[in-house]
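Below is one structure, written out as structure tokens, with a few remarks after it.
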Amino acid sequence: MHDQLRLLETSFNTNQKLTTEVKFELARELGLPPRQVAIWYQNRRARRKANTMEDDHKKIQMDLGDVLAGNIRLDKEIGMLRNELNTAQQLLLPASSSATTLPSLTAPCNDHPTSNTRGDIICNREMPACFLQ
DNA sequence: TTGTGTTTTACGACCTCC
DNA sequence: GGAGGTCGTAAAACACAA
């Protein structure tokens, strides 16, 4: 039984397609009907395909995890950069005119809103305050 | 022991290639 | 048209917890 399986596995690993010659040769060596050899090959191919799909699925899941982790990293970086920019602008603004010449650094920009394909609000103005919110 | 989930075997229906 | 492929599925065999 184990020897039969080993012979079939060896043959299958050599070639997953079963030629007529190989089928009859295996059937003769194993003392089985050629039909049974053919069916074993069919089922073995199906099993290999299922295993391959399972492996692919695992790999995709791992890749997705990496991408999500990268997103979190980038979100943190964006937050830090926004803070730095905010601080720099506060230092550059003359205290007396800031309220009238520049938009708020914290309030959302609603005067030139557009949206991208994700529905995010985008402002077209140069140095938009809405970018900082 | 038995109920249940998993794996293996076998088959029919349909498709492709020579 | 025949040989051999995939796909879906039923039945048998097997593993294992309760």
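Taking atom CZ of residue A/R44 and atom P of nucleotide B/dT8, one finds them 9 Å apart after rounding to whole Å. Between A/I39 atom CD1 and C/dG8 atom C1' there is a gap of 15 Å when expressed in whole angstrom units. Atom CG of A/L8 and atom C1' of B/dT8 are 13 Å apart (whole Å). Going from atom CD of A/E54 over to atom C1' of B/dT6 covers 13 Å, rounded to whole Å. If you take CG of A/L26 and P of C/dG4, they are 13 Å apart, rounded to a whole angstrom. The distance between atom CZ of A/R35 and atom C1' of C/dA3, rounded to the nearest whole Å, is 12 Å. Atom pair A/Q42:CD and C/dT9:C1' shows a separation of 14 Å (rounding to whole Å applied). The distance from atom CZ of A/F24 to atom P of C/dG4 is 7 Å, rounded to the nearest whole Å.
No donor-acceptor pair under 3.5 Å is formed between the side chain of A/N86 and the backbone N or O of A/R82. At least one donor-acceptor pair under 3.5 Å links the side chain of A/T10 to the backbone N or O of A/R6.
Side chain of A/R47, nearest nucleotide from B/dT8, C/dG5, B/dA10: B/dT8. When each of C/dC7, C/dG4, B/dT8 is scored by its nearest atom to the side-chain atoms of A/T20, the top-ranked nucleotide is C/dG4.
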field: Residue pair A/R73, A/E77: steps toward the salt bridge (Lys or Arg N to Asp or Glu O under 4.0 Å) verdict
entry: CA-CA 6 Å; A/R73 232 178 11 251; A/E77 195 176 334; over 6 Å; no
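A sub-4.0 Å separation between OP1 or OP2 of C/dA3 and a side-chain N or O of A/K23 is absent. For the OP1/OP2 pair of C/dG5 and a distance below 4.0 Å, the side-chain nitrogens and oxygens of A/R45 include at least one atom meeting the criterion.
If you check every strand for non-hydrogen atoms under 4.0 Å, A/Q36 touches sugar and phosphate atoms only.
With salt bridges taken as basic N to acidic carboxylate O contacts below 4.0 Å, none links A/D55 and A/K59.
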